[in-house]
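Counting starts at 1 for both ligands and their atoms, in listed order. When reading the values below, keep in mind they use all heavy atoms of this one structure, side chains included, and skip hydrogens, waters and symmetry mates.
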Amino acid sequence: MWNQRCESMPREQLSRLQFLRLKQTLEAVYQLVPYYQQIFRKAGVEPGDIRSLDDLAGLPFTVKDNLRENYPFGLFTNGLNEVVRLHSSSGTTGLPTVVGYTRNDLEVWAELMARALSGAGAVHDSVVHIAYGYGLFTGGLGVHYGAERIGATVVPVSGGQTRRQVRMMKDLGTTLLACTPSYALNIAETMMEMEIDPGELALSSGLFGAEPWSNNMRKIIEEKLQISAFDIYGLSEVMGPGVAYECPAKEGLHLPEDHFIAEIIDPVSGAVLPEGATGELVITTITKEALPVIRYRTRDITALTRETCSCGRTHLRINKISGRTDDMLIIRGVNVFPSQVESILLEIGETEPHYQLVVDREGALDTLEIRVELTEQMFSDKVKGLEGLEKLVREEIYNLLGISARVKLVEPKTIPRSDGKAQRVIDRRQQR
Ligand code: DLL
């Protein structure tokens with residue numbers, strides 16, 4: 001553990017600390033951010049009304065659009081005064097969101113990333129290869145400062161030029177690879193093309209996140225790269241990577257409760273759900289200075305447990321994120337997450353782990369086409385009959401998810417490879 005005292009703090013002490021920090025954060029946003037004062041007033045609450053952690057449920061939510069409406073710095077507590085860094089989320093639809101950090105915010109971020117990297121086995125002697133994008137995206141720099149905090153040797157490569165990355169990992173003795181799971185797959189494939197056996201590398205673990213990935217994908221990446229793969233979660237509006245991370249037990253991702261308060265809500269009614277129920281993750285930051293967020297709706301779907309983990313960390317765990325409320329496909333009335341399709345495809349295991357879902361509309365009905373790559377062997381060995389495989393995939397999808405999908409087996413290496421977040425879904429419905 002990077003920080004034994006904090007990471008294994010008894011729950012009672014943790015709750016007291018959370019309450020104290022929550023009160024301070026609420027007072028700060030009420031006084032310093034006109035937006036919060038306005039929405040609290042509208043809801044008829046004041047920071048003084050919050051007398052226990054449970055009272056948090058009485059406060060209004062914050063959503064991404066609230067950040068957009070107050071673009072760029074409207075939700076900052078003190079303008080740019082103490083802000084030493086800005087990041088921004090991509091903003092594929094409409095205005096991007098801008099997030100800011102004081103020097104102390106960066107300190108906390110580095111501390112939490114050090115916890116996450118330690119969870120994945122990083123130590124002072126590690127060589128950490130960071131292939132998350134550097135720049136406005138929080139991935140590169142976020143992991144970077146955590147790795148430096150540990151005293152590891154950082155290789156800040158960013159994404160792209162995959163062959164060069166493989167060469168460097170081999171030559172510089174990389175022990176931990178940090179990138180998106182889809183890029184890890186891309187790196188593994190490139191390694192094979194270059195006829196480099198991962199066993200020749202010093203690589204022993206990977207810290208993968210920024211997009212959903214199933215446990216079946218974990219197995220494939222672990223086999224291909226001969227490593228142990230760990231999940232890391234985060235979002236720019238709350239901090240960046242390090243909002244939750246796996247420990248060696250890999251039974252959920254620990255969410256540092258000395259810095260965040262997590263709730264799970266029903267995404268439709270907004271009601272807080274009991275422990276163990278699946279819903280939307282809502283996060284309140286309790287130590288952030290430049291841009292605290294109160295009850296921020298992440299749109300990410302998960303469940304949480306406060307049971308102490310076998311690793312000794314007491315902080316609550318969230319399940320692997322299954323998807324986002326806005327990525328959920330509704331195909332003829334059935335709710336489907338791309339990660340569920342991924343899980344089924346990889347379970348069948350007769351194709352490559354590269355796939356895309358194409359959603360379209362015929363008349364009033366939504367259609368789903370699953371494109372998945374054949375292995376080189378299947379492709380050259382056509383006698384085996386691809387129809388059988390198509391049928392198998394279609395049936396498994398129907399049996400497990402209850403939807404009929406079209407399955408299209410495509411030639412090897414025809415689905416675009418990613419060096420960041422993979423685009424798994426092509427939704428043609430918007431173009432109609
Ligand atoms: O993706 C921060 C990050 C960087 C996390 C590097 C992990 C590693 P955003 O670009 O703001 O920030 O995107 C945040 O990505 O709300 C989730 O929907 C998704 N996401 C992030 N991590 C995971 C994960 C970064 N481990 C959005 N599993 C989040 C599933 C994830 N989805």
Side-chain angles (χ1 to χ4, degrees), residues 62-64 67-68 86-93 96-101 109 112-113 115-117 119-120 128-147 156 158-159 176-184 206-215 217-218 221 229-246 250 252-256 260 262 267 280-283 285 291 293 296-303 317-328 337-340 342-343 418-425:
T62 309
V63 296
K64 199 180 178 100
L67 271 106
R68 289 208 179 104
L86 294 174
H87 280 283
S88 169
S89 68
S90 52
T92 35
T93 51
T97 50
V98 175
V99 296
Y101 305 77
W109 193 8
L112 299 187
M113 271 312 309
R115 292 186 196 176
L117 283 152
V128 178
H129 182 103
I130 304 177
Y132 284 115
Y134 276 68
L136 288 173
F137 177 53
T138 52
L141 286 168
V143 180
H144 185 106
Y145 282 90
S158 199
L176 186 146
L177 167 65
C179 62
T180 59
S182 54
Y183 194 50
L207 189 57
F208 306 130
E211 63 185 4
W213 53 306
S214 60
N215 274 320
M217 182 65 94
R218 185 202 309 265
I221 296 175
F230 295 81
D231 195 357
I232 176 159
Y233 167 78
L235 63 166
S236 339
E237 292 80 7
V238 169
M239 182 176 80
V243 176
Y245 54 92
E246 272 181 336
K250 295 189 187 174
L253 290 79
H254 290 280
L255 186 138
F260 308 115
E280 178 179 348
L281 177 66
V282 170
I283 298 177
T285 65
L291 179 63
V293 286
Y296 186 75
R297 290 186 63 157
T298 63
R299 298 190 178 169
D300 294 316
I301 301 294
T302 184
R317 280 167 291 157
I318 57 170
N319 284 347
K320 237 172 163 350
I321 305 284
S322 50
R324 294 174 57 77
T325 50
D326 40 5
D327 276 353
M328 189 179 74
F337 285 110
S339 62
Q340 292 175 297
E342 171 179 305
S343 209
S418 95
D419 61 10
K421 300 188 189 226
Q423 196 196 355
R424 302 277 193 214
V425 179

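Taking a cut-off of under 4.0 Å to the non-hydrogen atoms of Gly139, the atoms of ligand 1 that pass are 4 (C), 6 (C). Residue Tyr132 approaches ligand 1 through these ligand atoms, each under 4.0 Å from one of its heavy atoms: 6 (C), 8 (C). Atoms of ligand 1 lying under 4.0 Å from any heavy atom of Gly209, numbered from 1 in the order shown and given with element: 7 (C), 8 (C), 26 (N). Listed by number with element, the atoms of ligand 1 under 4.0 Å from a non-hydrogen atom of Phe137 are 1 (O), 4 (C), 10 (O), 25 (C).
Regarding atom 20 (N) of ligand 1, its nearest protein heavy-atom neighbour is Ala210 C, 3.5 Å. Residue, atom and distance of the protein heavy atom nearest to atom 31 (C) of ligand 1 are Glu211 N, 3.6 Å. Protein heavy atom closest to atom 25 (C) of ligand 1, with residue, atom name and distance, is Gly234 O, 3.6 Å.
When the heavy-atom distances from atom 26 (N) of ligand 1 to Ile232, Leu207, Ile130, Leu136 are ranked, the shortest goes to Ile232. Counting heavy atoms only, Leu235 comes closest to atom 12 (O) of ligand 1 of the residues Leu235, Leu253, Val243. Here the shortest heavy-atom distance to atom 9 (P) of ligand 1, taken over Ala244, Ser236, Pro241, Gly323, belongs to Ser236.
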Going through the distances and angles, do Gln423 and Ser418 end up as a side-chain contact (heavy atoms from CB on, under 4.5 Å)?
CA-CA 8 Å; Gln423 196 196 355; Ser418 95; over 6 Å; no

side-chain contact (heavy atoms from CB on, under 4.5 Å) evaluation trace for Phe208 with Leu177:
CA-CA 8 Å; Phe208 306 130; Leu177 167 65; 4.0 Å; yes

Under the criterion side-chain contact (heavy atoms from CB on, under 4.5 Å), I'd like the reasoning laid out for Lys320 against Asn215: C-alpha separation, chi angles, the key distance, then a yes or no.
CA-CA 9 Å; Lys320 237 172 163 350; Asn215 274 320; 3.6 Å; yes

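Here Lys421 has side-chain heavy atoms under 4.0 Å from ligand 1, and that is the only part of it that gets that close.
Ring to ring, His144 and Tyr132 are not that close: their centroids are 6.0 angstrom or more apart. Outside the 6.0 Å centre-distance limit, the rings of Trp109 and Tyr145 are not counted as a close aromatic pair.
Paired with Val98 under the rule side-chain contact (heavy atoms from CB on, under 4.5 Å), one option of Leu291, Leu136, Leu86 passes, and it is Leu86.
No side-chain donor from either of Ser339 and Ser322 sits under 3.5 Å from a side-chain acceptor of the other. Checked by atom type, the side-chain pair Thr325/Glu280 shows no donor-acceptor distance below 3.5 Å.
Of the polar atoms of Asp300, at least one N or O is found under 3.5 Å from an N or O of ligand 1, judged by distance alone. At under 3.5 Å, a nitrogen or oxygen of Asp231, whether backbone or side chain, sits near a nitrogen or oxygen of ligand 1.
Of the charged side-chain nitrogens involved, at least one lies within less than 4.0 Å of a carboxylate oxygen, so that Glu237 and Lys64 count as a salt-bridged pair.
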